[in-house]
Visitor: 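Sharing a structure, written as C-alpha cells. Questions coming.
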Protein chains: 2
Amino acid sequence: MEKINLKDYAENFVDIYNDIQETFPKAVLNQAFICKFSSNEYIVRFDEDIQYLFLLLDGRAKIYIVHENGKRALIQFLKKNDFIGELSLIEVEKNLKDVVAIDDCTCLAFPLASSKEHLLNDNLFLHNLSKYLGDKLLKRTDHYTDMQDYEFKNRLAKYILQIENDGCFQEKLTETAEYVGVSYRHLLYTLNQFHEDGLLKKKGRKYFIINKEKLERLSSKKG
Amino acid sequence: MEKINLKDYAENFVDIYNDIQETFPKAVLNQAFICKFSSNEYIVRFDEDIQYLFLLLDGRAKIYIVHENGKRALIQFLKKNDFIGELSLIEVEKNLKDVVAIDDCTCLAFPLASSKEHLLNDNLFLHNLSKYLGDKLLKRTDHYTDMQDYEFKNRLAKYILQIENDGCFQEKLTETAEYVGVSYRHLLYTLNQFHEDGLLKKKGRKYFIINKEKLERLSSKKG
DNA sequence: ACCTCAATATGAGATATCTCCTATTATTAT
DNA sequence: ATAATAATAGGAGATATCTCATATTGAGGT
C-alpha cells in the first residue's frame, strides 16, 4: 500500500479532484490522502480494525464475508465511486468483511478518527451516503433474490450478459463461482452446456457469445 | 386502512409519541398522521405509486419482491420502528415491493409530497436513516449469505432458534418456506427429519424444541 | 529455467431439493 | 351454516447441484 499526498494527486487528475471537492467538506479533505493498492492486496481485513473510510477512485475490488465455519463468500464487486468502510463510519457493522483489490486500486482515504464528526454533520454527505446505502441495499437484494428464484443456468446467463465486453466473457471462473453461489464444478458443467446449446464458443480460456438473443431469453425466463 | 389524527393517537400512546417528537422535525410532524392496517392488508403494492413514508409503530409486516416471472419472494419481516418507503423517499427505488401486514399494524405516515424537502434537510433524520439503511443492508446480506453457504437444515435450525417463543415454533409454514427459500415440500421433509432426530416434537400444528443444544449445534455447523 | 501454487478441466457417484399430485384439515367470506 | 380458499401433509420420481478425486495448464517468484 502506497500513500500519496492529495495535492500531488490532484495535479494529475483534475476532474476527479473537482468532483471530490464538491462532495466532501473542506475540513475533511484536509485530512484525506490517496492510497494505492496492488492487485490482490487486502484493503480491509475482517480481523483487523478499520482506520479509514475509503472512496474507490480507480480499479475494482471485491468484498468477502467470512463465516464462522471459515468459508468465504464473495458478496459484491466494488468499482469507481464505491465506498469502503462506510458501515463502520456510522457504527452499524459488527463483523468486518475482507476487501481485496482485484486490479490495482486508487482510493481516497479519510482517517475515521479525525473525520467522523465532520462527515456525520455534513448534510450533503449524509444525503449521498443514504442514497448510496439504499442503492447498495437494492442491488444486493436483487442479486440474492435472483439466486433463489432462478436456477443457475438463468442466473449465469444474466451474469454473463452483465459482465461481457464486446461479446467476450473472460472473468476468472473461480471468482465467478463464488459470486454466483455455485460450486466451481457446476459452473463448468453449465458453461459446457451453454457451449453445446450454441450460446457460447470457447477460444482458449475465453468464452464468446454467439447467440445473444437466446442468452437473453434464458436470462429472464425459467426453464 | 383507517386514518387517525396524530394528536388523538398521542393521547393514548404518550411514550411512543415522545420518541417520535424527538426523532422528526416539527414541520414534518404537522403533516403526519396515523394509519391502521388490518392483518393481510396491503400497505404498499408493487404496481402502485407510493404516497407516504411509513414508520411502523406496532404490528408486523412482510416485504415481497415481485419478479418478472410472477413469482414472489419474501425478503424481509418488518417490525416496530422499521421504515416503509424510505427508498422511495431518497429516490433510489425503481421497482416497488409488495408490503403486506401480518397482523394488525399501526403506522406513522408522512405524505411524501409535503415532507420530502424537510426530511432530506434534517441532519438527525439523515443520520438515523443512514444507520437504518446500513443495518438493513447488513442484516439482509447475512440472511442471504447464510442461504447460500449453509444447507437448508442448518438454516432452518437457525431460523427456528431466532423466532421460537418459549420453546415453541408456530410460524406459518407457507410463509417460512418463502422466507427461507425452499419449497414447502422440502420444509416439511426437514421438519419431519428434525422430529425423527429428536430435535422437535409436534403437538397439533405447533412444534416444540426438545433438544435445544443439538439444534444450536446444527444451526452453526455444516453437515 | 525451475518450482510452486492457483486456475482450468473433467469423471463418477451421492444427495439436497424440486415438481407434480392428491388428501385432509383450518380459515375466511357469502 | 356452507361454500370456497388457504394451509397442512405426504408419496413418487426427477434433476440440479455438490463432493471428492485427479490431471493439465498457466503465472509469479527466486
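What you are looking at is a predicted structure, and each value in this text was computed from that prediction instead of being measured. Just so you know, these numbers use all the heavy atoms, side chains as well, and skip hydrogens, waters and symmetry mates. First the proteins, then the strands, lettered A, B, ... as listed; each starts at 1.
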Visitor: For nucleotides 23-30 of chain D, list the nitrogen or oxygen atoms of the protein found under 3.5 Å from its nitrogen or oxygen atoms, one pair per line.
Guide:
none

Visitor: Please pick, from D/dT8, C/dT8, C/dA9, the nucleotide with the shortest atom-to-atom distance to any side-chain atom of A/Tyr207.
Guide: C/dA9
Visitor: Looking for any heavy atom pair under 4.0 Å, which part of the strands does B/Tyr184 touch: base, sugar-phosphate only, or nothing?
Guide: base
Visitor: Please report whether the ring centroid of A/Tyr17 lies less than 6.0 Å from that of A/Phe13.
Guide: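 Between A/Phe13 and A/Tyr17, the centre distance exceeds or equals 6.0 Å.
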Visitor: Just checking B/Phe169 against B/Phe208, ring centres under 6.0 Å apart?
Guide: no
Visitor: Figure out the CG/P separation between B/Asp103 and C/dT27, and round it to whole Å.
Guide: 15 Å
Visitor: Cation-pi check, A/Arg155 to A/Phe152: give yes when NZ or CZ is under 6.0 Å from the six-membered ring centre and within 45° of the ring axis, no otherwise.
Guide: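 Because its charged atom misses either the 6.0 Å distance or the 45° angle limit, A/Arg155 does not stack over A/Phe152.
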Visitor: Listed by chain and number, what are the side chain to side chain donor-acceptor pair (under 3.5 Å) partners of A/Asp19, not counting sequence neighbours?
Guide: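 With sequence neighbours excluded, A/Asp19 shows a side chain to side chain donor-acceptor pair (under 3.5 Å) to no residue whatsoever.
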Visitor: How many whole angstroms separate atom NZ of B/Lys153 from atom P of C/dT15?
Guide: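 Taking atom P of C/dT15 as the reference, NZ of B/Lys153 is at 10 Å.
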Visitor: Kindly state whether the ring of B/Tyr184 and the ring of B/Tyr189 have centres lying under 6.0 angstrom apart.
Guide: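 Centroid distance B/Tyr184-B/Tyr189: not below 6.0 Å, so no.
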Visitor: Quick one: do B/Asp135 and B/Lys139 make a salt bridge, cutoff under 4.0 Å?
Guide: yes
Visitor: Donor-acceptor pairs under 3.5 angstrom involving side-chain atoms of residues 78-96 of chain B: please list them, not counting sequence neighbours.
Guide:
{"from": "B/Asp82", "atom 1": "OD1", "to": "B/Tyr132", "atom 2": "OH", "distance (Å)": "2.8"}
{"from": "B/Asp82", "atom 1": "OD2", "to": "B/Lys79", "atom 2": "N", "distance (Å)": "2.8"}
{"from": "B/Glu86", "atom 1": "OE2", "to": "B/Lys136", "atom 2": "NZ", "distance (Å)": "2.9"}
{"from": "B/Glu91", "atom 1": "OE2", "to": "B/Lys116", "atom 2": "NZ", "distance (Å)": "2.8"}
{"from": "B/Glu93", "atom 1": "OE2", "to": "B/Lys97", "atom 2": "NZ", "distance (Å)": "2.8"}

Visitor: Among C/dC18, D/dT19, D/dA16, which nucleotide sits nearest the side chain of A/Glu151?
Guide: D/dA16
Visitor: I'd like to know whether the aromatic ring centres of A/Tyr42 and A/Tyr64 sit less than 6.0 Å apart in this structure.
Guide: no
Visitor: How close or far is atom P of C/dT10 from atom CD of A/Glu196, stated in whole angstroms?
Guide: 10 Å
Visitor: Angle between the end axes of the helix from C/dT4-D/dA27 to C/dT30-D/dA1, five pairs per end, to the nearest 10 degrees?
Guide: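 The value is 60°.
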Visitor: Taking CD1 from A/Ile102 and C1' from C/dA6, how many angstroms apart are they, rounded to a whole number?
Guide: 16 Å
Visitor: Between B/Ser38 (side chain) and B/Glu41 (backbone), is there a donor-acceptor pair under 3.5 Å?
Guide: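 The answer is no, because no donor-acceptor pair under 3.5 Å joins these two groups.
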Visitor: Can you label the angle between the B/Tyr179 ring and the B/Tyr159 ring as parallel, tilted or perpendicular, going by 30° and 60°?
Guide: tilted
Visitor: Under 4.0 Å between a side-chain N/O of B/Thr174 and OP1 or OP2 of D/dT8, yes or no?
Guide: yes
Visitor: How many whole angstroms separate atom CG of B/Asn154 from atom P of C/dA16?
Guide: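 For the pair B/Asn154 CG and C/dA16 P, the rounded distance is 11 Å.
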Visitor: Roughly, in whole Å, what's the span from NZ in B/Lys206 to P in C/dT25?
Guide: 19 Å
Visitor: Heavy atoms within less than 4.0 Å of DNA chain C: which residues of residues 185-193 of chain A have one? Give them sorted by number.
Guide: A/Arg185, A/Leu188, A/Tyr189, A/Asn192
Visitor: Specify the residues of residues 161-172 of chain A, ordered by number, for which at least one heavy atom lies under 4.0 angstrom from an atom of DNA chain C.
Guide: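 Correct list: A/Lys172.
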Visitor: State whether B/Lys153 and B/Glu151 are salt-bridged, where the test is any N-O pair (Lys NZ or Arg NE/NH1/NH2 against Asp/Glu carboxylate O) under 4.0 Å.
Guide: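 Counted as a salt bridge, because a side-chain N and a carboxylate O are separated by less than 4.0 Å.
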Visitor: Once rounded to the nearest 0.5 Å, what's the spacing between atom NZ of B/Lys172 and atom CD of B/Glu178?
Guide: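 B/Lys172 NZ to B/Glu178 CD: 10.5 Å, rounded to 0.5 Å.
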Visitor: Looking only at the aromatic ring of each residue, does the gap between the centers of B/Phe33 and B/Phe110 stay below 6.0 angstrom?
Guide: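 Ring centroids of B/Phe110 and B/Phe33 are no less than 6.0 Å from each other.
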Visitor: What is the distance from CG of A/Leu173 to P of C/dA9, rounded to the nearest Å?
Guide: 6 Å
Visitor: Give the rounded distance in Å between these two atoms: OH of B/Tyr150 and P of D/dT17.
Guide: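 These atoms are roughly 21 Å apart.
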Visitor: Between C/dT8, D/dC18, C/dT17, which nucleotide gets closest to the side-chain atoms of A/Ser183?
Guide: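 Output: D/dC18.
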Visitor: Would you indicate whether the side-chain heavy atoms of A/Lys212 and A/Glu164 approach each other to under 4.5 Å?
Guide: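 The answer is yes; the side chains approach within 4.5 Å.
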